[in-house]
Asker: 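Okay, handing you the structure first.
Every chain is numbered from 1 and lettered A, B, ... according to where its sequence line falls, protein lines coming before strand lines.
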Number of protein chains: 2
Amino acid sequence: MARVEQVNQKRRGRRAAGEDTRAALVAAAREVFVEKGYDGATVRAIAAKAGVDAAMVNHWFGGKEGLFAQSVLQLPFDPAEVLKRLLDGPLEQAGERIIRTFVTVWDATGGGTFAALIRSVTSQPEVAGALKQFLVNAIFRNVLAQIGVEQRELRATLCATQMVGLGIVRYVVRFEPLASADVETVVKAIAPNLQRYLTGELG
Amino acid sequence: MARVEQVNQKRRGRRAAGEDTRAALVAAAREVFVEKGYDGATVRAIAAKAGVDAAMVNHWFGGKEGLFAQSVLQLPFDPAEVLKRLLDGPLEQAGERIIRTFVTVWDATGGGTFAALIRSVTSQPEVAGALKQFLVNAIFRNVLAQIGVEQRELRATLCATQMVGLGIVRYVVRFEPLASADVETVVKAIAPNLQRYLTGELG
DNA sequence: GTCTATACAACGATAGAC
DNA sequence: GTCTATCGTTGTATAGAC
């Protein structure tokens, strides 16, 4: 009896070799995220468009967040993992950890990836909107919850100014001597400023 | 004798109405600056391409610097004038003056102009190169000469990270609450960080 | 007649050739 | 080290618009 009912349903188990589920998800995600924004896009809708099961998003990308990072942003790392590392340690050294991680991660890609990201964000308003939702709901929310200070939203945007500016100057326009400075020089120079945005006095 | 030799020269005095010398210079400048860079482009070459005298650059734009600002960058203000205002006052308050002026000037344009500037810089490597030369040779050189501290080049690029980042977050991606914050809030929040880059301890 | 956009000459600075 | 070429800029006389 059970066998008969399966006739018109999808086959279970592994798909045939050559069907690239991962690539199909990335392609579908790019379209849906850009069209609906990060919040408006649902994992189920993306999976349906890709013709695969929604569980595949978790399997391949660790969740909606990871899929967004690798499809629209094309980040060369997993933001959830990086975030975990950043939040692990004393708050007074968070600025230092963030800058060191940021520079290390993007340096490893040669910087061209960051430039591409900025280009797509500045040229496509929809991507900028999706990125904003992503940052607010998937990143800032987690970070800010661990910071027991006032004006958390303002602090988050201030941190964003410093990180984005650092990325542009070091990777896109490549102003010297910052573009070629070693990681520790950058950390020493910038981390205290980021730390002030995180936990310092803003008034 | 002298009169005879003038026969094959251009007529002096005002040209016929309808010939827009200013626009001709802007058009020629855009091409030459982008092709040769800020340093490589000569006022004389631009003027020749526009079919006018080189002195017209000074008359209409106050110099090579102003012509670049209004042709390639399309800035809504005169950088030389703004620069003069920034350098006028105690060094300990320079960070505050710079942030206040920056926000005031770009707020007045609605921010779209800044976004357009970033877009052209990030999408055209030649523009980025020309901008770099312009900043180094026409802006930083003057500012840094007045700052009696060590590591001036590094400080200049650090300042650039903060200014560029502020512009992107406030005018391009418009993260709240920073995008809608009033000028004084922004000044109080960011000026101390810029001041550290200018005159503080970097180690 | 007045105003100003214009062309030309010349100056000080700078960089490269020899 | 000197000479030369070229740069950005400034001063000035003039032609045309108003």
Side-chain angles (χ1 to χ4, degrees), chain A residues 173-177 179-180, chain B residues 1-89 98 101 105 113 117 120-121 124-157 159-160 163:
Chain A
V173 293
R174 299 180 198 270
F175 283 175
E176 298 295 351
S180 305
Chain B
M1 296 282 284
R3 303 190 66 87
V4 176
E5 290 173 359
Q6 277 185 17
V7 168
N8 282 336
Q9 297 178 4
K10 281 199 172 178
R11 278 201 332 271
R12 271 201 281 196
R14 196 170 184 136
R15 297 165 82 195
E19 301 186 33
D20 197 339
T21 296
R22 215 192 121 96
L25 275 172
V26 167
R30 244 196 298 258
E31 292 182 36
V32 178
F33 274 130
V34 168
E35 186 184 348
K36 308 268 191 181
Y38 182 78
D39 293 341
T42 70
V43 171
R44 294 174 133 93
I46 293 170
K49 184 161 206 159
V52 302
D53 190 271
M56 292 298 95
V57 170
N58 237 270
H59 182 253
W60 284 108
F61 303 95
K64 182 182 186 177
E65 177 189 323
L67 178 56
F68 182 76
Q70 298 207 9
S71 63
V72 178
L73 302 185
Q74 301 184 277
L75 296 186
F77 52 86
D78 176 14
E81 194 179 326
V82 169
L83 198 57
K84 215 177 94 187
R85 246 173 61 206
L86 293 180
L87 295 176
D88 179 35
I98 292 175
T101 304
V105 164
T113 313
L117 170 62
S120 72
V121 168
Q124 301 174 322
E126 315 84 29
V127 174
L131 172 64
K132 193 186 305 186
Q133 295 172 355
F134 171 73
L135 286 176
V136 170
N137 294 326
I139 307 293
F140 287 165
R141 175 167 300 185
N142 296 329
V143 179
L144 295 177
Q146 305 226 357
I147 305 182
V149 289
E150 296 297 306
Q151 298 179 292
R152 297 193 289 203
E153 284 81 9
L154 177 60
R155 288 175 191 276
T157 55
C159 289
M163 306 304 294

Asker: For B:Phe68 and B:Phe33, take the angle between the two ring planes, folded into 0 to 90°, and tell me which bin it lands in: parallel under 30, tilted 30 to 60, perpendicular over 60.
Answerer: perpendicular

Asker: So, is B:Thr42 close to the D:dT6 phosphate, meaning a side-chain N or O under 4.0 Å from OP1 or OP2?
Answerer: no

Asker: Checking all strands, does B:Ala138 fall into the base, sugar-phosphate, or nothing category for heavy-atom contacts under 4.0 angstrom?
Answerer: nothing

Asker: Could you give the CG-to-C1' distance, from B:Asn137 to D:dC7, as a whole number of Å?
Answerer: 13 Å

Asker: Can you check the B:His59 NE2 to C:dA5 C1' distance for me, whole Å?
Answerer: 6 Å

Asker: In this structure, are over 12 heavy atoms from other groups packed under 6.0 Å from B:Lys132 atom NZ?
Answerer: yes

Asker: To the nearest Å, how far apart are B:Asn58 CG and C:dC8 P?
Answerer: 17 Å

Asker: Out of the candidates B:Val82, B:Leu117, B:Val105, B:Thr113, only one should pair with B:Leu75 under the side-chain contact (heavy atoms from CB on, under 4.5 Å) rule; please name it.
Answerer: B:Leu117

Asker: Can you tell me which nucleotide in D:dT9, C:dA7, C:dT6 comes closest to the side chain of B:Ala54?
Answerer: D:dT9

Asker: If I take atom CH2 in residue B:Trp60 and atom C1' in nucleotide C:dA7, what distance separates them, rounded to the nearest angstrom?
Answerer: 15 Å

Asker: Of the non-hydrogen atoms in B:Tyr38 and B:Lys64, which two are nearest, and what is the gap between them?
Answerer: O-NZ, 2.9 Å

Asker: Rounded off to whole Å, could you give me the NZ-to-P distance for the B:Lys64 and C:dT14 pair?
Answerer: 14 Å

Asker: What is the distance, rounded to the nearest whole Å, between atom CZ of B:Arg44 and atom P of C:dA9?
Answerer: 12 Å

Asker: B:Phe61 CZ to D:dT9 C1': how many Å, rounded?
Answerer: 16 Å

Asker: What is the distance, rounded to the nearest whole Å, between atom CG of B:Asp39 and atom C1' of C:dA13?
Answerer: 16 Å

